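Report on the structure given below.
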Amino acid sequence: MAETSLPNIEQKWQKVWDAEQAFAATMDTSRPKYYVLEMFPYPSGRIHMGHVRNYTLGDVVARYKRAKGFNVLHPMGWDAFGLPAENAALERGLHPAGWTYENIEMMRGQLKSMGLSYDWDREVATCAPDYFQHEQKMFLEFLKAGLAYRKESWVNWDPVENTVLANEQVVDGKGWRSGAPVERKQLSQWFLKITAFADELLEAIEGLDRWPDRVRTMQHNWIGKSTGARLSFSIDDEKHDKIEVFTTRPDTLYGASFIALSPNHPLTLQLAAEHSELADFVSECNAIGTSEAAIEQAEKRGFNTGLFVEHPLIADKKLPLYIANFVLMDYGTGAIFGCPAHDQRDLDFANKYDLPVLPVVCPSDETADSFTITDTAYTGPGKLINSGPWTGLDIEAGKAKAIEALAAENIGRAETTFRLRDWGVSRQRYWGCPIPIIHCDACGPVPVPDEQLPVELPEDVTFDKPGNPLDRHPSWKYVGCPSCGKDALRETDTFDTFFESSWYFLRYIDPTSDRGFSPEAAAYWMPVDQYIGGVEHAVLHLLYSRFFMRALSATGYLTLDEPFAGLMTQGMVCHQSFKDSDGNWVFPTEIEKRDGGWVKIADGTPVEAGRVEKMSKSKRNVVDPEHIISAYGADTARLFMMSDSPPARDLEWTESGVEGAHRFISRISRFAAAAEKIDDFVSIPKADEVSKEALSLLKVTHRAVNDIGIDIDRFAFNRCVAQFHMLTNAISDFKPETDSDKHVYAHALGRLAIVLSPFSPHIAEELWAALGGTGLVTNAAWPEIDDTFLVDDAVTIAVQVNGKVRTKIELPVDCAAEAAEQAALALPEVEKHLAGRTPKRVIVVPNRIINVVG
RNA sequence: GGGGGCAUGGUGAAAUUGGUAAACACAGCAGACUUAAAAUCUGCCGCCGUAACAGGCUUCCCGGUUCAAGUCCGGGUGUCCCCACCA
């Protein structure tokens with residue numbers, strides 16, 4: 001094993017960094033800042049490999065930028081509210097707060113053992129009143145500004161647990177825990193008006209040029225802007241209101257054959273009141289949950305009301321009015337016109353209920369007479385047909401004409417609709433931030449006055465019954481109305497935990513401010529220069545945070561639109577999974593290789609190697625970082641994480657890969673153990689004063705330092721590790737003899753220590769100290785590069801004949817094209833492969849390639 | 001159903017953005033050291049040829065542009081992810 005115990009070395013340097021407060025950040029407007037942030041963890045109890053990868057990625061960037069002279073802010077904290085704490089309370093009788101804080105203690109210790117360059121003085125836990133009081137205040141400011149409101153909305157309701165379920169918690173239409181069929185129910189909920197910024201959020205995606213394209217597209221699609229028209233249809237009995245419809249295809253209006261309303265449309269409810277069969281139909285529709293699976297299985301059904309509406313453009317044409325289960329109340333106007341020829345869903349519906357199918361768009365290779373629709377709707381390009389005055393127009397012109405015509409008749413206009421809906425933030429949960437509202441019979445919902453903030457959670461709560469403990473607490477919710485003084489009730493819902501994560505990066509910049517954060521700190525530190533985390537937050541957290549910046553700007557907290565200038569989404573950490581003969585997942589520690597196959601150590605029964613999958617407890621393919629760190633050290637774990645896969649891609653955890661990384665770290669520690677202290681090894685030796693071998697090592701060294709810097713900037717950390725190996729191999733191969741050689745040798749090792757320190761900082765410190773380096777390598781500036789070492793005087797380039805590489809030739813750098821051409825044509829291989837033909841053309845790309853075309 | 005990513009040796013990958021495909025590692029093989037093993041060091045390692053050269057083939061498949069394609073364009077296959085009765 002290693003000469004000196006690596007874990008001891010690591011603890012030693014961690015103590016030194018602590019004692020020197022090496023990573024404390026202070027605001028200094030005279031220096032350029034760099035804010036590096038990793039998505040903060042939920043304190044589940046122990047760190048996992050995904051955390052190790054995420055935080056190592058961030059630490060490499062933070063330490064590199066520090067070496068490059070930036071005033072780096074690199075904080076860490078805890079996304080501490082959430083359901084698992086309540087489950088622990090339910091299952092093990094622990095209080096959520098105690099459980100959470102214990103987990104934080106545990107995980108902080110684990111993170112510290114990784115040697116991450118955090119400024120721990122800025123640590124934040126979102127469940128602390130000192131944190132959430134500021135978001136209660138923000139919410140009240142949003143309320144004042146009209147960016148928060150209360151509304152009845154449809155939710156998934158679990159009738160056994162008496163609580164709202166998120167869509168993710170509904171499995172096959174049933175509650176994930178209770179197994180009870182989920183109901184749709186209307187509930188009064190608080191909403192944040194994210195739709196007020198829909199257009200802005202969409203347009204600003206364009207400017208997020210340091211975000212991954214796929215995240216940008218996901219947000220783009222999520223916001224889902226549709227342009228079209230809103231138009232109204234009159235019911236021919238004149239008793240009822242007009243029906244407003246949104247469509248993206250106003251050009252197909254002449255092909256309309258029915259109108260369908262959502263089961264929750266106001267008119268539907270009005271009709272259902274007089275019509276018991278319809279009322280039954282509506283409740284059937286609502287019994288089906290809102291989950292994906294439920295929707296997919298649900299058959300498209302309609303209810304014919306017997307009423308007719310007038311076609312707005314064709315005199316005397318009447319369209320039947322249906323209630324249809326596939327029409328959503330939440331999107332558009334909750335009503336559609338069906339044009340079966342050009343919409344698959346409308347066509348299915350029309351065929352089922354025997355409604356006419358009239359094509360009004362015809363592809364260019366068909367004619368109006370021959371073109372028919374049977375069971376596949378036509379959604380492609382073409383010319384309008386059967387469309388009165390619009391016949392002959394193309395689709396886009398048809399849309400414009402249609403909007404013009406509707407406007408002229410005063411029955412419609414152009415309209416834009418978004419898929420994005422306002423953010424419902426109410427949760428019927430205990431372990432969350434209380435919503436600072438008091439409900440008074442006389443005054444309605446009244447904001448909790450500033451001087452009564454924060455509204456804290458009561459500690460004496462019970463989890464023995466389903467439902468919200470806050471709601472059944474004996475006294476907590478009974479308060480006087482702040483406005484009239486009469487008996488009133490506290491809001492017992494708490495905020496969605498995405499509320500906390502939408503602004504935590506602002507708390508880090510000014511963690512003791514009594515207003516959450518100061519505009520001055522925000523002006524200096526924001527935006528986050530580099531944000532790193534999992535792609536699973538591509539939409540929710542990253543979109544909510546973007547909204548929050550705009551809402552906070554609108555309420556005078558700061559002036560900033562975009563919180564994260566750069567975003568890096570890392571891939572998952574995967575591992576081989578195993579199943580035994582009974583099909584149960586087996587831990588890798590329970591098995592061994594025998595005769596080329598896997599067997600259980602315990603009883604020798606065969607085990608089948610499954611797929612390489614994301615590490616997860618259920619598949620038993622997790623590896624605990626703590627074991628790896630105690631067995632190999634943090635430097636090894638960190639280096640391995642950066643080694644093979646580029647950050648954005650999935651990384652497969654392999655034991656042999658870890659051992660490879662550990663061999664490298666051990667190799668460095670042998671260099672450190674054998675190092676001689678040389679005065680002034682940092683200074684760059686002169687090219688003309690060193691031996692040929694030493695010069696070549698200097699070239700490798702300066703090239704490596706140069707390339708590593710470039711590769712860190714572009715997140716090619718796996719290439720950096722390759723550079724470490726090449727540099728180390730070159731150093732190993734060099735046998736210093738003279739004093740000048742020793743200087744070069746120490747110089748190369750010193751450069752290695754600096755460039756390795758973002759990745760494996762402990763061993764880098766050890767090496768630096770062994771060489772006699774001044775101060776900490778953690779504080780060392782990124783090395784200067786002597787450009788003269790980056791250029792060679794000769795290059796070997798490939799010579800092609802008719803596009804195939806036939807030989808190589810060594811030429812002086814920047815050799816003139818004519819000379820290169822002459823040299824190439826003189827080569828015997830070229831002559832041979834030309835086989836007597838005269839070269840028609842010779843392409844010379846200087847320092848790259850020569851291609852002889854013959 | 002809609003949108004997006006990815007596809008390169010036995011494996012993870014690299015390729016200066018259109019210019020020598022396979023850097024660096026993992027695994028494997030052979031050797032040195034050792035009583036032996038581990039560790040360490042040295043060498044080999046895309047495929048088909050060959051005694052060895054020479055050749056030929058090769059970046060999922062088919063086609064195109066180009067002196068030149070892993071890279072660009074068109075079509076297809078596989079795979080993963082996101083969204084999904086969105087009018």
Side-chain angles (χ1 to χ4, degrees), chain A residues 1-2 212-222 224 226 228 245-249 252 260 262 290 292 294-296 298-300 324-328 330-339 342-346 348-349 379 417-421 535-536 538-539 571-572 612 640 643-646 648-661 663-664 666-667 670 707 710-711 716 718-729 732 795-809 832 839-854:
Chain A
M1 241 305 219
D213 283 345
R214 67 181 179 136
V215 175
R216 299 203 298 174
T217 357
M218 277 192 224
Q219 292 213 352
H220 195 275
N221 294 343
W222 185 269
S226 300
V245 160
F246 173 74
T247 179
T248 56
R249 294 294 301 274
T252 64
S262 161
T290 54
E292 206 176 295
I295 285 165
E296 204 163 322
E299 185 194 359
K300 285 175 187 39
N325 64 347
F326 64 86
V327 181
L328 303 174
D330 294 338
Y331 185 78
T333 59
I336 62 161
F337 81 75
C339 176
H342 306 291
D343 181 292
Q344 190 58 48
R345 209 183 25 202
D346 293 349
D348 295 344
F349 191 83
T379 54
T417 304
F418 294 89
R419 206 193 72 104
L420 182 71
R421 288 167 218 176
V535 75
E536 65 272 19
V539 178
M572 299 177 300
V612 174
F640 172 71
S643 289
D644 283 341
S645 300
R649 234 183 272 186
D650 288 352
L651 169 94
E652 189 192 345
W653 176 272
T654 61
E655 197 67 22
S656 56
V658 178
E659 274 163 14
R663 270 199 294 277
F664 178 80
S666 306
R667 212 172 158 197
R670 266 179 270 127
D707 289 357
I710 293 168
D711 287 337
N718 51 328
R719 276 176 53 106
C720 296
V721 177
Q723 297 281 353
F724 296 151
H725 281 114
M726 280 191 275
L727 177 53
T728 307
N729 291 343
S732 281
V795 279
T796 305
I797 65 172
V799 180
Q800 299 178 325
V801 178
N802 291 329
K804 288 195 185 236
V805 176
R806 293 302 178 181
T807 187
K808 285 163 191 172
I809 186 171
K832 178 180 160 194
K840 286 187 212 128
R841 204 174 148 193
V842 179
I843 286 121
V844 177
V845 183
N847 305 329
R848 286 280 160 78
I849 205 161
I850 299 171
N851 190 7
V852 180
V853 185

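Only this structure's heavy atoms are used, side chains among them; waters, hydrogens and symmetry mates stay out. So that the names make sense, note that chain A is the first sequence line, chain B the second, and so on, each numbered from 1. This is a predicted model, so every value here is computed, not measured.
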Pairwise distance [atom1]([X]) to [atom2]([Y]) - rounded to 0.5 angstrom:
X	Y	atom1	atom2	result
A:Ile850	A:Ile843	CD1	CD1	11.0 Å
A:Phe337	A:Asp346	CZ	CG	8.5 Å
A:Arg421	A:Asp330	CZ	CG	4.5 Å
A:Gln723	A:Arg719	CD	CZ	6.5 Å
A:Ser656	A:Arg663	OG	CZ	8.5 Å
A:Ile797	A:Asn847	CD1	CG	7.0 Å

Atom-to-atom span, [atom1] of [X] to [atom2] of [N] - whole angstrom:
X	N	atom1	atom2	answer
A:Met572	B:C80	CE	C1'	8 Å
A:Ile797	B:G19	CD1	P	14 Å
A:Glu652	B:A27	CD	C1'	12 Å
A:Trp222	B:G4	CH2	C1'	15 Å
A:Ile849	B:U17	CD1	P	14 Å
A:Asn802	B:A69	CG	P	12 Å
A:Phe326	B:A84	CZ	C1'	15 Å
A:Asn847	B:U20	CG	C1'	14 Å

_If you assign A:Arg214 and A:Arg421 each to the RNA chain B nucleotide with the nearest heavy atom, which residue ends up on the more 5' nucleotide?_
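Mapping each residue to its closest nucleotide by heavy atoms, the 5'-most match is A:Arg214.
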*Toward the 5' end of RNA chain B, which comes first, A:Asp711 or A:Ala661, by nearest nucleotide?*
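Its nucleotide being nearer the 5' end, the pick is A:Asp711.
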*asked:* I'd like to know if A:Asp348 pairs up with A:Arg345 as an ion pair, taking the criterion as any Lys NZ or Arg NE/NH1/NH2 lying under 4.0 Å from an Asp or Glu carboxylate oxygen.
replied: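 A salt bridge is absent here (no side-chain N lies under 4.0 Å from a carboxylate O).
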*Write down the distance separating the C1' atoms in B:A68 and B:G75, rounded off to the nearest Å.*
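Their C1' atoms lie roughly 23 Å apart.
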*asked:* In whole Å, measure the gap between the C1' atoms of B:G5 and B:A87 for me.
replied: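 29 Å, rounded to whole Å.
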*asked:* Is A:Lys804 close enough to B:C57 that one of its side-chain N or O atoms is under 4.0 Å from OP1 or OP2 there?
replied: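 Affirmative; the distance criterion is met.
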_If the cut-off is 4.0 Å, is A:Arg663 near the phosphate of B:A25, judged by side-chain N/O to OP1 or OP2?_
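Checking B:A25 against A:Arg663, no side-chain N or O comes under 4.0 Å of OP1 or OP2.
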Closest to the [X] side chain: [options]?
X	options	result
A:Arg848	B:C24, B:G3, B:G19	B:G19
A:Ser656	B:A27, B:A84, B:U16	B:A27
A:Lys832	B:C83, B:G55, B:C86	B:G55
A:Asn851	B:C24, B:C67, B:A87	B:C67
A:Asn718	B:A13, B:A27, B:A21	B:A13
A:Asn729	B:C85, B:G19, B:A25	B:A25
A:Arg806	B:G56, B:G3, B:C86	B:G56
A:Val327	B:A54, B:A23, B:A87	B:A87
A:Asp644	B:A25, B:A87, B:G3	B:A25
A:Thr796	B:A23, B:A87, B:U20	B:U20

*Please say whether more than 12 non-hydrogen atoms of neighbouring residues, nucleotides or ligands are located less than 6.0 Å from NE2 in A:His725.*
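Enclosed: over 12 neighbouring heavy atoms sit under 6.0 Å from NE2 of A:His725.
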*asked:* Show the nearest heavy-atom pair for residues A:Val539 and A:Gln219, with the distance to one decimal.
replied: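 That closest heavy-atom pairing would be O-NE2, 4.0 Å.
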Identify whether any heavy atom of [X] sits under 4.0 Å from a base atom; if not, whether one sits that close to sugar-phosphate; answer base, sugar-phosphate or nothing.
X	result
A:Pro646	sugar-phosphate
A:Arg345	base
A:Ser645	sugar-phosphate
A:Glu536	nothing

Taking [Y]'s backbone N and O only, do any of them form a donor-acceptor pair with [X]'s side chain (distance below 3.5 Å, no angle check)?
X	Y	answer
A:Asn802	A:Gly854	yes
A:Ser262	A:Val327	yes
A:Asp650	A:Met572	yes

*Taking both distances under 3.5 Å as the test for a Watson-Crick or G-U pair, what stems of at least three pairs does RNA chain B have?*
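Expected stems, ordered by start: B:1-7 with B:77-83, B:10-12 with B:24-26, B:28-32 with B:40-44, B:46-48 with B:55-57, B:60-64 with B:72-76.
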*Please work out which of the three classes, parallel, tilted or perpendicular, describes the rings of A:Phe246 and A:Tyr331, given edges at 30° and 60°.*
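Rings of A:Tyr331 and A:Phe246: perpendicular, over 60°.
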*asked:* Does anything in residues 839-846 of chain A come within less than 4.0 Å of RNA chain B? Heavy atoms only, and list the residues if so.
replied: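 Heavy-atom cutoff 4.0 Å gives A:Arg841, A:Ile843, A:Val845.
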_Quick check on side chain to side chain contact (heavy atoms under 4.5 Å, CB included): which of A:Thr807, A:Val805, A:Asn851 does A:Val799 satisfy it with?_
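Going through A:Thr807, A:Val805, A:Asn851 one by one, the side chain to side chain contact (heavy atoms under 4.5 Å, CB included) with A:Val799 is satisfied by A:Thr807 alone.
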Could you list all N or O pairs between the protein and nucleotides 6-10 of chain B that sit under 3.5 Å apart?
none

